[in-house]
Structures are given as C-alpha cells and as structure tokens.
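Notes for the one structure printed next.
Side chains are part of it too, since the values below use all heavy atoms of this structure and drop only hydrogens, waters and symmetry mates. Numbering of ligands and ligand atoms starts at 1, following listing order.
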Amino acid sequence: MKPKIYATLPISADVEKYLSEYCELRKWTGEDRISRNLLLEELKDVDGLLTSGIRIDEDLLNNAPKLKVVSNVSVGFNNFNVEAMKKFNVIGTNTPYVLDETVADLTFALMLASARRIAELDRLVKDGNWNPTKDDQLFFGIDVHSSTLGIIGMGRIGEAVARRAKFGFDMDVLYYNRNRKPGAEEKYGAEYCDLDSLLKRSDFIVMLTPLTPETEHLIGEREFKLMRNSAFFINVSRGKTVDEQALIRALENKEIYGAGLDVFQKEPVEKDNPLIKMPNVVTVPHIGSATKKTRDAMMMRAAQNIVSVLTGKGALDSVY
Ligand code: 8YV
C-alpha cells in the first residue's frame, strides 16, 4: 500500500508524476489558501504533508495520527513548532541550497533599486513627470559600488550576497553571525564584527537571519538609532526579525535614508501600512526565491524529501 500524502499548494506535472510513483497523492486545488478546518480533515489519514507557510503545531499534529513528515517548500521553517514535531515524532524538512543564488540576486536588486531610486523614478517617468528643465540632481541616488555592506546572518545566502558584493561591486563586507565563518572571511574578505559596530559602519544593512525566538525583533528602535542616516535597510529574511513600527519611525525621522523590503510583519502587507507610501522604500511581495527555475527546484527538493522519508531512507534536509 503506497503511503498517502497531501499537498496544500499547486504542484507541477513532473513533480506530480514523480510523487505518484511512490505515494498516493491528494492535493488542494482551491484558489485561496486551504482553510485550517478543511486541512485538519484532510490530514486524518495521511503520512506526509507537502506545504509552505502552514503552521505546524500541537493542534494540527493531534489531528494527524498517521503523519510522519512535513516537507516545507521553503528554506525558512518558522512555521514549524519543532518541539511539538519532535514530541509527535514527525520529521520536518526544508529546501536549502536550491534558492541561494536567486535570493542573493533579489537582495542586490533591492540594494540597487533603493539606492538608485529605481521604483520611484520609474513611476515618475511613467507618470509623464520627467521634466527636462528640472535640474537632474533631483534624480541623484547613492553609489552601491565601493561602499560598506553589513550582512546580518552569514548563511549560504549571506555568502552568495558577499560574493556579489566583493567581486561584483568592490564593496567592503562586514558580517554578524552566531558563529564565525572563516570561509567567507577568506574568500570574500568578510570582517566579523558585533552587531552594534556593523550597524554603525554599514552603508547597506541586509537582514538574512532565519526567524527564531532569538532573532524576533532583533532590529528595533535602539538598532535603527545606531545606523547612519545615509544607510539603507534591506530585509529578505522574515518581517518579524524587525520591529516594523520602529522601522517606520526611523524612516519618518530620517534616521536612515531608505529601505528595500521583501518581507513584512503581516503578508500581504496592509494597504494602510505607511511603508508602502514612502518613495524611499522599495517594496516587493516576498519574491526572494520567485523564479520558475528556482521554485520548480524547491518543489522537486521538497518532493524528494517526503519520498525519502516515506520510503525509509531518512530526510535529505531535516530541520532538526
Ligand atoms: C518561500 C522563503 O517562497 O524559502 C523561504 O524561506 O521565504 C521563500 O523562498 C516562501 O516561504 C513561500 O511562502
């Protein structure tokens, strides 16, 4: 008897074909996100769950007596209550490696877009407000090349960003991380420093930490006050690694120069959030890994994780 799995998100034909070789697959086909109650119904008899962003907690695990593995189609797994999963002996997996370069590209895009005011000036041109008589100093931005980049969270994506900074933009790279990264220091000349020094010395501050109890609101009022008022704050990690109200105040009070945001406290971001009205803030809808090639690779990796566990070979990417 093939193990039963449930998928809460759309899956490509080749991944469906691959999964169906090993599992009996059921999937959510609704337009919106599946409701919690319907999901709990579906989980009554499944061995594996293929998902992204769905909260995996005691309540869900209590309603999934046969569940053996939850496979996230994401590298982040802050949706997992890992202690509860250990208690219920449910393996949790994620999709590292396959998205590193794609997220690093988006990180640099946000640095360049915010520093050179791409979104703001794109709107100006499209609104027909490019007035040749005006002094083009009004269009001036800030150089990215040869400036100082501060990376908070030097994991695989952090190293991919450091490589671009060092070899593509001749930037000085500072980093703050739980542990030292000698490889990044050697390869990219990355200088390890404490958080406060990084905040004081960086022209671009990039958040790349996973969201954990230690990193929740890691950047708040005190930290923004340490930053230069010429600095740009870039967040491609999770919205909750930053105190969003403190970020809004820091921008309103010109304590920092601008920001580039891929993630928010609440997603989708609310229509009345001041951040989306600020011309010096570039906002995108959590697209860090959003290329077809990378999302397909993430989906296949997540499918391989679920099959590997359910065929007794253990997880490729276990989160604990
Ligand atoms: C995911 C991400 O696409 O991998 C992650 O941690 O944030 C993105 O790549 C996102 O989690 C999907 O909800």
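In this structure, the protein non-hydrogen atom closest to atom 2 (C) of ligand 1 is H286 NE2, 3.6 Å. At the top of the distance list for atom 11 (O) of ligand 1, counting protein heavy atoms only, stands S74 CB, 3.5 Å. Ranking protein heavy atoms by distance to atom 9 (O) of ligand 1, first place goes to S289 OG, 2.6 Å. Of all protein heavy atoms, the one lying nearest to atom 4 (O) of ligand 1 is V75 N, 2.8 Å.
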Task: CA sep, side-chain torsions, deciding dist, call: F233, F224, ring pair (Phe, Tyr, Trp, His ring centres under 6.0 Å) - done: CA-CA 9 Å; F233 180 73; F224 283 118; 5.3 Å; yes

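Residues F169 and F108 bring their aromatic ring centres within 6.0 Å.
Residue S52 places a heavy atom less than 4.0 Å from ligand 1.
Counting atoms of ligand 1 from 1 in the listed order, those under 4.0 Å from a heavy atom of L99 are 4 (O), 9 (O). For ligand 1, the atoms sitting less than 4.0 Å from at least one non-hydrogen atom of R238 are 2 (C), 5 (C), 6 (O), 7 (O), 11 (O), numbered in the order shown with element in parentheses. In the vicinity of R295, heavy-atom distances shorter than 4.0 Å reach the ligand 1 atoms 3 (O). In summary, the atoms of ligand 1 found under 4.0 Å from a heavy atom of M298, numbered by their order in the structure, are 4 (O), 9 (O).
Rounded to the nearest 0.5 Å, atoms CZ (R117) and CG (L121) are 4.5 Å apart.
Considering backbone and side-chain atoms together, G76 places an N or O closer than 3.5 Å to an N or O of ligand 1.
For residues 70-102, there are no ring pair (Phe, Tyr, Trp, His ring centres under 6.0 Å) pairs, not counting sequence neighbours.
Classification of E101 and R163 as a salt-bridged pair holds, one side-chain N sitting under 4.0 Å from a carboxylate O.
Panel note: side chain Y175, backbone K181; a donor-acceptor pair is recorded below 3.5 Å.
N79 pairs with exactly one of D57, N72, T51 by the side-chain hydrogen bond (donor to acceptor under 3.5 Å, both in side chains) rule, that one being N72.
Environment of CD in E186: sparse, with no more than 12 heavy atoms of neighbouring residues, nucleotides or ligands closer than 6.0 Å.
With a 4.0 Å heavy-atom cut-off, ligand 1 is reached by no atom of N94.
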